Amino acid sequence: MVFEIKARSAEGRARTGVLHTAHGDVETPVFMPVGTRGTVKAMAPCELEELGAEIILGNTYHLFLRPGMEIIGLAGGLHRFSGWPHPILTDSGGFQVFSLAGLRKIEADGVRFASHIDGTRFFLGPVESMRIQRTLGSDIVMAFDECTPFPAPYEQAEKSLAVTTRWETMSFEQELDPGQLRFAIVQGSVYRDLRIASARALAAIPFDGYAVGGLSVGEPEEQMFECLDWVVPELPEDKPHYLMGVGTPRQIVEGVARGIDMFDCVMPTRLARHGSAFVGAGRTIPIKAGRYAKDFTPIEEGCDCYACRNFSKAYIRHLMNVGEILGIRLVTIHNIHYFMRLMRRIRRAVAEGSLAELRREFA
RNA sequence: GGUGGGAUUCCCGAGUGGCCAAAGGGGGCAGACUGUAAAUCUGCUAGCUUCGCUUUCGGUGGUUCGAAUCCACCUCCCACCA
């Protein structure tokens, strides 16, 4: 059994569970820090462990380009190469079909990319993506999809979904190593019938988990929640549900309430590098602001992260303002800690039946 | 005491007669960031009754239709020479 549900919320679809992977168990709902290029930016694996991260992301497109599969293959896979012995989920490169839209051309069996680094042409499709993720040794392999841009006219979303469905079917047919789990990705933009059709088509294939993709790409938050309300009921209830690329603390709480078990987002790490620290019920403070120049209190009173236990806003602001990398590291530690603590609170709330209160707090 | 150089909007600094409220940095302020082309990017940064007007480029006076820019004197700073 890959996924065990341990507790269910009395109201709504929220649940807690454990996801078993080749490199260990993951308690859900879980937030997965993003480590695109084989590192969660600014964090050493030992720091991630201390922060309570159980599973992190890697990226097929980026790792394929650099350092390349030969090197990671020789290293014995991404876990050994990067010194992270715990679970890794790798994205298939489908997001880059969206984020690097100006550098690629979609074809029947995949995407022709021009490398964002030097323009080198290469092809990435379901066959290639599965092969790469097999070499990476990912615990959770994502099917190759096209993350549909927003806004997309219905016809475009429909066409995009047809391509994605085909690619995902192909993804399922590729061989992986024993122990590797494989997740499907529901698309369909913001159209109810497309979303439901996508969910049903994929649910008919025995993937190990089901993700909702193509959200948090610019659509209003309410539309994102609405999509979850359409899609999650169509997914196998006993399999993990993963909302890709989300999100803000509030979106995570709302996602859990709608039956999502897994989240990932660059938000805590990117915002940290850009000088925003998460506090309270999902607010951020601009740590570089002059008003903190003489503020010798921690980023968040009562936070027990390493940064808050030992350093003041004034000091961290100073580090950020002079460009010292420790500033970035401390804010990153704080933000990841914030998300990890949020997930612990969510899991406890679901188990204790108090998720409604948490939702009110983050509303 | 002599000679030369300099004083510019919060700071540094460009500008040497009209295209200058004045380049470019910095700092400050505000905003963005969601399966990472992001330790990144965007906007604002004299005032006002804001399609225009007023004050501003060390000080005072002058030349000119017009001066941050030219002239005279003054104040302060720097370099070198005594």
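Protein chains get the first letters and strands the later ones, always in sequence-line order, with residue 1 at the start of each. These numbers come from a predicted model, not from an experiment.
- In this structure, A/L215 places its CG atom 14 Å from P of B/rU34, rounding to the nearest Å.
- Base pairing annotation: B/rC48 forms a Watson-Crick or G-U wobble pair with B/rG52, both donor-acceptor distances under 3.5 Å.
- The side chain of A/S216 places no N or O atom within less than 4.0 Å of a non-bridging phosphate oxygen (OP1 or OP2) of B/rU34.
- The base-pairing partner of B/rA7, taking Watson-Crick or G-U wobble contacts with both distances under 3.5 Å, is B/rU75.
- No side-chain donor-acceptor contact under 3.5 Å links A/R104 and A/H116.
- Rounded to whole angstrom, the span from the CZ atom of A/R37 across to the C1' atom of B/rG35 amounts to 16 Å.
- Taking the C1' atoms as reference points, B/rA68 lies 25 Å from B/rA79, given to the whole Å.
- In this structure, A/I185 reaches the bases: a heavy-atom distance under 4.0 Å links it to at least one base atom across the strands shown.
- Atom P of B/rC20 sits at a distance of 15 Å from the matching atom of B/rG15, rounded to the whole Å.
- Across all strands shown, B/rG1 pairs with B/rC81; the Watson-Crick or G-U wobble distances both stay below 3.5 Å.
- Side-chain atoms of A/H86 and A/E49 form a donor-acceptor pair, as typed in the model, at a separation below 3.5 Å.
- Atoms CZ (A/F31) and C1' (B/rU34) sit 9 Å apart, rounded to a whole Å.
- Here the side chain of A/M244 is nearest to one of B/rU40, B/rG35, B/rU36, namely B/rG35.
- Here, B/rG26 and B/rC19 have their P atoms 27 Å apart, quoted to the whole Å.
- Atoms CG (A/N59) and P (B/rA38) sit 11 Å apart, rounded to a whole Å.
- Nucleotides B/rG47 and B/rG1 place their P atoms 44 Å apart, quoted to the nearest Å.
- Base pairing analysis places B/rU40 opposite B/rA32; the two distances defining the Watson-Crick or G-U wobble pair are each below 3.5 Å.
- Heavy atoms of other residues, nucleotides or ligands lying less than 6.0 angstrom from CD of A/E107 number more than 12.
- For B/rG28 and B/rC11, the C1' atoms lie 11 Å apart once the distance is rounded to whole Å.
- A straight line from CD of A/E221 to P of B/rC33 spans 12 Å, rounded to a whole angstrom.
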Protein-nucleotides 28-30 of chain B N/O pairs under 3.5 Å:
| from | atom 1 | to | atom 2 | distance (Å) |
| --- | --- | --- | --- | --- |
| B/rG28 | OP1 | A/R317 | NH2 | 2.5 |
| B/rC29 | OP1 | A/G290 | N | 2.6 |
| B/rC29 | OP2 | A/G290 | N | 3.1 |
| B/rA30 | OP1 | A/R291 | NH1 | 3.3 |

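- The cluster map of Ile, Leu, Val, Met, Phe, Trp and Tyr, joined by side-chain heavy atoms under 4.5 Å apart, puts A/V266 and A/M262 in the same cluster.
- Within 6.0 Å of CZ on A/R341 lie more than 12 heavy atoms contributed by other residues, nucleotides or ligands.
- The side chain of A/F95 has B/rG35 as its nearest neighbour among B/rA39, B/rG35, B/rA37.
- One finds a side-chain N or O of A/Q96 lying less than 4.0 angstrom from the OP1 or OP2 phosphate oxygen of B/rU36.
- Among the candidates A/F95, A/F98, A/F122, the single residue satisfying the ring-ring contact (aromatic ring centres under 6.0 Å, His included) test with A/Y61 is A/F122.
- Other residues, nucleotides and ligands place no more than 12 heavy atoms under 6.0 Å from the CD1 atom of A/I325.
- Atom name C1', nucleotides B/rC33 and B/rG27: the rounded distance is 23 Å, in whole Å.
- In this structure, A/R182 is positioned above the aromatic face of A/F172, its NZ or CZ under 6.0 Å from the six-membered ring centre and within 45° of the axis.
- In this structure, the CD atom of A/Q187 is 10 Å from the C1' atom of B/rG35, given to the nearest Å.
- Rounded to an integer number of Å, the gap from A/L63 CG to B/rU36 P is 10 Å.
- Remark: A/R270 is not in phosphate contact with B/rA39, judged by side-chain N or O atoms under 4.0 Å from OP1 or OP2.
- When each of A/E324 and A/T248 is assigned the nucleotide of RNA chain B with its nearest heavy atom, A/T248 is the one assigned upstream, toward the 5' end.
- A donor N or O paired with an acceptor N or O is found under 3.5 Å between the base of B/rU36 and the side-chain atoms of A/T269.
- With C1' as the reference atom, B/rG58 and B/rU69 are 15 Å apart, rounded to whole Å.
- Listed nucleotides B/rA37, B/rC33, B/rG35 differ in distance to A/H116; the shortest reach to its side chain belongs to B/rA37.
- Proximity of a side-chain donor or acceptor of A/R309 to a complementary backbone N or O of A/D304 within less than 3.5 Å is detected.
- Straight-line distance from the CE atom of A/M267 to the P atom of B/rU36: 13 Å, rounded to whole Å.
- For A/L57, the side-chain atoms get nearest to B/rG35 when compared with the rest of B/rU40, B/rA37, B/rG35.
- Between A/Y210 and A/Y242, the ring center distance fails the sub-6.0 Å criterion.
- For B/rU40, the base is stacked against the aromatic ring of A/H274, per a cut-off of 5.5 Å between centres and 30° between planes.
- Between the P atoms of B/rA14 and B/rU9, the separation comes to 13 Å (whole Å).
- Within 4.0 Å (heavy atoms only), A/I325 reaches at least one base atom of the nucleic acid.
- Comparing B/rA38, B/rG35, B/rA37 against the side chain of A/C265 picks out B/rG35 as the nearest.
- Of the listed nucleotides (B/rG35, B/rA39, B/rC33), B/rG35 has the atom at the smallest distance from the side chain of A/D91.
- Each of A/I328 and A/G214 was matched to the nucleotide of RNA chain B holding its nearest heavy atom; the match closer to the 5' end belongs to A/G214.
- Figure legend. B/rC70 is base-paired to B/rG62; pairs are counted as Watson-Crick or G-U wobble with both atom distances under 3.5 Å.
- Within the 4.0 Å cut-off from OP1 or OP2 of B/rU36, not a single side-chain nitrogen or oxygen of A/S99 is found.
- Using a 4.0 Å heavy-atom cutoff across all strands shown, A/L103 reaches at least one base atom of the nucleic acid.
- A/Y315 has its ring centre no less than 6.0 Å from the ring centre of A/F296.
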